[in-house]
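Since the structure comes first, as structure tokens, the remarks are kept for the end.
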Amino acid sequence: MQMGPRLQRLLGTVIFAATLAWGCAPAQTAEKSPLHAVKHVIDGDTIVLDDGEHVRLVGIQAPEIAHKDSPGQPYGPEATEALKKLIGQSRIRVEPAAEPRDRHGRLLAYLYPEKGDMLQLAMVKSGAAMVYSFPNNTAHISEFLKAEAAARAAGKGLWQLPAYRPLTAETAGQGDGQYRVVEGVIRHVAKVKGHWYLNFGEDWKTDFTIFIDRKNVKRFSSSDLHPQDWEGRRIRIHGWIFPKNGPMIELTHPQQMELLVSDTPTR
């Protein structure tokens, strides 16, 4: 049956409204979600549930274990065992993240055992994982960062190892290709074609730099400070280090960095 233009517009409006309602539906909270058994722990941040669902523990990054195409990372086996121990025989509740799937199709979620801390928080507290956030999945990150700082100060877990201790702006190049924590003082802030560059040395072609793409700048408008106000501030940032005119980390959202406000600006 052929529909007239008016009926087509009406149907389109209904479909559009239904799509909005579905897309805006609140995520299922942990309290209301069913309990699941854990079928398999793949590594320190990935599990398989009893229904076959692969779940990535959103908000953390645990060291990789060896695979057929990778030798693994230091503390990978220990992180996997730590997650297994935390789960034990307990069943867990699953709280999907705001953006619930990653590019591999895995469910991104916060996991709660029947007793004790959220699994992500427990992993970070024990030093078995680092904080790892994404622009659309930032729930609980402030709590995770506090727990990580305490574990790092106490030298727990992976923080005992040189492979994970925070780098300085001067040594950031040692972490090329790795997800690391870097601390340093921003010496100069520059805006080029809408992009922001936070330089930590005199020579931007060789020294450590933080890059903020212009498409992400709007995420910082509600922060305490705008990038233009960070010159002379000491910061701590989590991110992947890659070489581009010296070591660089791309800053995509405010929760990825901490302004160390106890320090006095050096301008």
Side-chain angles (χ1 to χ4, degrees), residues 27-51 53-66 72-102 104 106-134 136-161 163-166 178-181 236 238-239 255-256 258:
Q28 188 178 34
T29 60
E31 293 81 3
K32 296 180 180 179
S33 64
L35 286 164
H36 287 272
V38 175
K39 182 179 179 180
H40 178 55
V41 174
I42 295 177
D43 55 29
D45 53 36
T46 313
I47 65 171
V48 182
L49 298 178
D50 50 7
D51 60 1
E53 183 79 77
H54 284 60
V55 182
R56 174 66 162 82
L57 280 69
V58 68
I60 66 171
Q61 174 86 350
E64 298 289 339
I65 59 172
Q73 296 176 303
Y75 212 79
E78 291 88 341
T80 303
E81 288 304 312
L83 184 55
K84 288 180 179 178
K85 185 175 180 179
L86 285 169
I87 295 171
Q89 299 301 312
S90 175
R91 294 181 298 169
I92 61 171
R93 296 188 186 277
V94 178
E95 179 187 320
E99 188 171 311
R101 296 283 172 181
D102 67 7
H104 303 293
R106 297 176 299 185
L107 179 66
L108 298 174
Y110 303 96
L111 304 181
Y112 298 81
E114 294 174 276
K115 294 182 180 179
D117 287 330
M118 179 202 307
L119 292 180
Q120 282 95 325
L121 182 59
M123 288 289 285
V124 174
K125 280 183 174 180
S126 68
M130 304 167 67
V131 178
Y132 186 34
S133 61
F134 294 91
N136 297 325
N137 284 335
T138 57
H140 309 291
I141 292 301
S142 60
E143 185 179 12
F144 293 172
L145 286 171
K146 290 178 183 178
E148 182 187 273
R152 187 169 56 244
K156 292 184 178 180
L158 59 81
W159 300 112
Q160 304 172 53
L161 307 179
Y164 300 108
R165 289 173 192 155
Q178 302 172 31
Y179 182 79
R180 296 294 295 269
V181 177
R236 179 185 299 125
H238 290 65
Q255 294 81 359
Q256 197 178 341
E258 300 167 84

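Numbering of residues begins at 1 and proceeds along the displayed sequence. Model, not experiment: these values are computed from the prediction.
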Exercise. For Ser133 and Thr138, indicate whether the former's side chain and the latter's backbone hold a donor-acceptor pair under 3.5 Å.
Key: no
Self-check item: Parallel, tilted or perpendicular, as decided by the 30° and 60° cut-offs, for the rings of Tyr110 and His140
Solution: perpendicular
Self-check item: Residues in salt bridge (charged side-chain N to carboxylate O under 4.0 Å, His left out) contact with Arg165, at least two apart in sequence or another chain
Solution: none
Exercise. Measure from the side-chain N and O atoms of Glu148 to the backbone N and O of Val131, and report whether any donor-acceptor pair falls under 3.5 Å.
Key: yes
Exercise. Can you see which heavy atom on Lys125 is nearest to which on Ala151, and at what distance?
Key: O-CB, 3.6 Å
Exercise. Specify the closest pair of heavy atoms between Ala62 and Ala128, including all atoms of both residues, with the distance to one decimal.
Key: CB-O, 3.9 Å
Quiz item: CD of Glu81 to NZ of Lys84: how many Å apart, nearest 0.5 Å?
Solution: 4.5 Å
Self-check item: Atom of Leu121, atom of Ala147 and distance for their closest heavy-atom approach
Solution: CD1-CB, 3.8 Å
Quiz prompt | Euclidean distance, Met130 CE relative to Ile60 CD1, rounded to 0.5 Å | solution = 11.5 Å
Quiz item: For Ala163, does its backbone N or O pair with a side-chain atom of Arg180 as donor and acceptor, under 3.5 Å?
Solution: yes
Practice problem: May I ask you to check whether Tyr164 and Tyr75 place their ring centers less than 6.0 Å from one another? | Solution: no
Practice problem: Tell me, please, which residues at least two apart from Ile42 pass side chain to side chain contact (heavy atoms under 4.5 Å, CB included). | Solution: His40, Thr46, Val48, His54
Exercise. Enter the distance from Ser126:OG to Leu83:CG here, rounded to the nearest 0.5 Å.
Key: 9.5 Å
Quiz prompt | Main-chain N/O of Glu64 paired with Gln73 side-chain donor or acceptor, under 3.5 Å | solution = yes
Practice problem: Could you list the residues that satisfy salt bridge (charged side-chain N to carboxylate O under 4.0 Å, His left out) with Arg236, not counting sequence neighbours? | Solution: Glu183, Glu258
Exercise. Indicate the atoms forming the closest heavy-atom contact of Glu99 with Leu108, along with that distance.
Key: O-CD1, 3.3 Å
Quiz item: Do Asp50 side-chain atoms and Ala37 backbone N/O form a donor-acceptor pair below 3.5 Å?
Solution: yes
Exercise. Could you tell me the separation between the CD1 atom of Ile92 and the CD1 atom of Ile47, rounded to the nearest 0.5 Å?
Key: 3.5 Å
Practice problem: State, to 0.1 Å, how close Met118 and Pro113 come at their nearest heavy-atom pair, and which atoms those are. | Solution: CA-CD, 4.4 Å
Quiz item: Counting N and O atoms only, with roles assigned by atom type, does the side chain of Gln255 sit under 3.5 Å from a partner on the main chain of Ser142, one being a donor and the other an acceptor?
Solution: no
Practice problem: Work out which heavy atom in Leu107 is nearest to a heavy atom in Arg101; give both atom names and the distance. | Solution: N-NH1, 3.4 Å
Quiz item: Charged N to carboxylate O under 4.0 angstrom, Lys146 versus Glu143?
Solution: no
Practice problem: Identify the residue among Glu95, Arg93, Gln120 that makes a side-chain hydrogen bond (donor to acceptor under 3.5 Å, both in side chains) with Tyr112. | Solution: Glu95
Practice problem: Return yes if some donor-acceptor pair links the side-chain N/O of Glu114 with the main-chain N/O of Arg91 below 3.5 Å, else return no. | Solution: yes
Self-check item: Ile141 CD1 to His238 NE2 distance, which is reported to the nearest 0.5 Å
Solution: 9.0 Å
Self-check item: Inter-residue atom distance Asn137.CG - Arg56.CZ, 0.5 Å rounding
Solution: 11.0 Å
